[in-house]
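Lettering follows sequence order; numbering is per chain, from 1.
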Number of protein chains: 2
Amino acid sequence: MARAATTADVFNAVAEPRRREILDLVATEELSVSELVERLGIPQPQVSKHLRVLREVGAVHVRSDGRQRFYRANPEALRPIHEWVSRYAAALEERFGELDAVLSELKREELGDDCNDA
Amino acid sequence: MARAATTADVFNAVAEPRRREILDLVATEELSVSELVERLGIPQPQVSKHLRVLREVGAVHVRSDGRQRFYRANPEALRPIHEWVSRYAAALEERFGELDAVLSELKREELGDDCNDA
DNA sequence: CCAATATATACCGATATAGGAATATGTCAA
DNA sequence: TTGACATATTCCTATATCGGTATATATTGG
């Protein structure tokens, strides 16, 4: 067996930097394929193919208007990623806390090291 | 060019479910390869290969003790994912808010619909 | 109907897998 | 040294890409 399909789940879908870029572009506003092509600076077929992957994992919604198709991000599809990584978020923030502790320690030492067990 | 290497970045590394499973296992406690093999129920070479990928993106730390190697997760490596998906977290939580609103609405209707603009 | 526009799909080539089996490396013990 | 144990690496095959090019499928306007 080879690697899992990019359409297997949203983790695989957004492992591709271009697709994250596309999601970021359509996160706040609806964009047509042409507009995406223009902003990304890559050939239209590639954009369509990336959009297909994003569609198949539900990461984008499409609205047809004439011959244009407007895409927008569907953050709900990112929930599995958010939930998974959130289990580590505490540790990440704890690390910030540790950093703060270290900095405080350094600052205390800097102010005067005559405070050790004296 | 084919797909990006799994070792290219942490997004690709954790796109593989087994590797997320491994990270989850070593998130709270240090585990040897044998213990991982036992808990995952997959052949040892595969575990070692997954661990190698996780190592190469810095997602795990290793400690050698005799002939054993103990692995533990390094949440810091997940920060890019956390930061990226956090930009969508607001939308996700907003949706929770919407859901709450809908539920409240349903509950209010259930309690008595004679309260509408009366 | 025909042409032009907007988008999607098909085909091709190169590559990086993931899984399985076998083997290599490293470490302890007798 | 020899053997057993723990782990890493190598070789193999099948597959699912991703990029590029060409083409198919709407949809609109004249």
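When rounded to the nearest whole Å, the span between CD1 of B/I22 and P of C/dA18 equals 11 Å. Atom CG in B/N12 sits roughly 18 Å away from atom P in C/dT15 (whole-Å rounding). Spacing between atom CG of B/L40 and atom C1' of C/dA18 amounts to 15 Å, rounded to whole angstrom units. Atom pair B/L51:CG and C/dA18:P shows a separation of 13 Å (rounding to whole Å applied). In this entry the distance linking CG of B/L36 with C1' of D/dA8 reads 14 Å, nearest Å. Between A/E56 atom CD and C/dT9 atom C1' the separation is 12 Å, expressed in whole Å. Distance, A/E35 CD to C/dA6 P: 11 Å, rounded to whole Å. Going from atom CG of A/L31 over to atom P of C/dA6 covers 15 Å, rounded to whole Å.
At a threshold of 4.0 angstrom between heavy atoms, the contacts of B/R18 with the nucleic acid are absent.
Sparse packing is recorded around CZ of B/R18, with 12 or fewer heavy atoms of other residues, nucleotides or ligands lying under 6.0 Å away. Annotation for B/E21: atom CD counts as buried by contact number, over 12 foreign heavy atoms lying within 6.0 Å.
Here D/dT15 is the nucleotide among D/dA8, D/dT15, C/dA8 with the atom lying nearest to any side-chain atom of A/A2. For B/T6, taking side-chain heavy atoms from C-beta onward, the closest of the listed nucleotides C/dA8, C/dA6, C/dA18 is C/dA18. Checking D/dA8, D/dT9, D/dT17 against every side-chain atom of B/R3, the shortest atom distance belongs to D/dT17.
A salt bridge between A/R52 and A/E56 is present, with a side-chain N of the basic residue lying under 4.0 Å from a carboxylate O of the acidic one. Salt-bridge annotation for A/R69 and A/E35: absent, with no side-chain N of the basic residue lying under 4.0 Å from a carboxylate O of the acidic one.
OP1 or OP2 of D/dC18 sits under 4.0 Å from a side-chain N or O of A/R19. Note on A/Y71: every side-chain N or O is 4.0 Å or more away from OP1 and OP2 of C/dA6. Between B/R52 and D/dA8, a side-chain N or O to OP1/OP2 separation shorter than 4.0 Å is absent.
Checked by atom type, the side-chain pair B/S64/B/Q68 shows no donor-acceptor distance below 3.5 Å.
For the pair A/R63 and A/Y71, the cation-pi test (distance below 6.0 Å, angle within 45°) is failed.
Side chain of A/S86 to backbone of A/A89: no donor-acceptor contact under 3.5 angstrom is found.
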Inset, instruction - For nucleotides 20-30 of chain D, just jot down a letter per nucleotide in 5' to 3' order: B, S or -, based on protein non-hydrogen atoms under 4.0 Å. - result: BBB----BB--
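Each of A/E16 and B/V62 was assigned the nucleotide of DNA chain D with the nearest heavy atom; the assignment lying further toward the 5' end belongs to B/V62.
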